[in-house]
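Everything on this sheet refers to the single structure shown next.
Start at 1 and go down the list; that is how both ligands and their atoms are numbered.
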Amino acid sequence: MNREQLASYQPLHVFDEAIFENIVDDLVTTGFSIQKHGLPDFITQALLTCQRSISDAEYKKAGIGRAENYQTAEKVRGDEICWITGSSEEGALWLSWCEAMQQYINRSLFMGLFSFESHFACYEPGKFYKRHVDAFKGQGNRVLSLVAYLNDSWQETDGGELVLYFDENDQIGTKVLPEKGTFVVFLSEAFPHEVLPALRTRHSVAGWFRVNGSVNDSIDPPR
Ligand code: OGA
Ligand code: MN
């Protein structure tokens, strides 16, 4: 790094690590962590500002993998998504908070998390995401999932809960209200989950920490 680069070098924000410690403790004991209203307020505000600035045209119908067409995908998931690039100050703040979480988890659990990707998701009334896992054993390299919620005063009668199942056989699961400031972290391969249809428009942010899948001559890009 030369002097000029050094002068413009922005160190990582210093974030309160207490919440990261809670997450790590939960991951060790159960593999998932539900943080009810646990998002720091300035992160929630940054995400809301960022999300509100996205035009309808920037949201794209979410797919379910390369082989499927959107008609097939629609039966599985009905949300529209917009990737967070960090081009706005608020988006960059979110990504740096997640990076700080990644570093904390790596230091504590040696998970070797290598990159993070995340998008806003919007579910219009009636839309859902059927039961699925975010990664399959031995495939892909998403290892830790993160979902955060941005909806004011969400009621049980609004529906739209995230249902987290504890294994393939679990038919009951645990419901999480998608309320502003609540977020969930879980091991991507271990927990099937679904989004129930809602009566109101539902805004969430989904993200995944990945390990580096590069082997020999084949490079695994972060996205
Ligand atoms: C996903 C997902 C859950 C939610 O995007 O993979 O499971 O509550 N989202 O929005
Ligand atoms: Mn998912």
Worksheet item: Could K61 and E74 be called an ion pair, given the rule that one side-chain N must be under 4.0 Å from one carboxylate O?
Response: yes
May I have the N/O to N/O pairs between ligand 1 and the protein that fall below 3.5 Å, each with atom names and distance to one decimal?
residue  : atom   : partner : partner atom : Å
ligand 1 : 6 (O)  : H132    : NE2          : 3.3
ligand 1 : 6 (O)  : D134    : OD1          : 3.3
ligand 1 : 7 (O)  : H132    : NE2          : 3.2
ligand 1 : 7 (O)  : H193    : NE2          : 2.9
ligand 1 : 8 (O)  : Y149    : OH           : 2.6
ligand 1 : 8 (O)  : R202    : NH2          : 2.8
ligand 1 : 10 (O) : R202    : NH1          : 3.0
ligand 1 : 10 (O) : S204    : OG           : 3.0

Worksheet item: How would you list all residue pairs meeting salt bridge (Lys or Arg N to Asp or Glu O under 4.0 Å) that involve residues 23-37, not counting sequence neighbours?
Response: none
Worksheet item: Is D134 salt-bridged to R142, going by a charged N under 4.0 Å from an acidic O?
Response: no
Practice prompt. Would you kindly say whether Q35 and S33 are connected by a side-chain donor-acceptor distance under 3.5 Å?
Written response: yes
Worksheet item: If you measure from the Lys or Arg side-chain nitrogens to the Asp or Glu carboxylate oxygens, is any gap between K60 and E80 under 4.0 Å?
Response: no
Worksheet entry | Listed partners of S55 passing side chain to side chain donor-acceptor pair (under 3.5 Å), at least two apart | E58
Worksheet item: Between K127 and D79, is the closest basic N to carboxylate O distance under 4.0 Å?
Response: no
Worksheet item: Are any of the side-chain nitrogens in E161 or R202 under 4.0 Å away from the carboxylate oxygens of its partner?
Response: no
Fill in: Proximal protein heteroatoms (N, O or S) of the Mn ion (ligand 2), under 2.8 Å
H132 NE2, D134 OD1, H193 NE2
Worksheet item: Where do W154 and H203 land on the ring pair (Phe, Tyr, Trp, His ring centres under 6.0 Å) test, with the steps shown first?
Response: CA-CA 11 Å; W154 197 272; H203 290 283; 9.5 Å; no
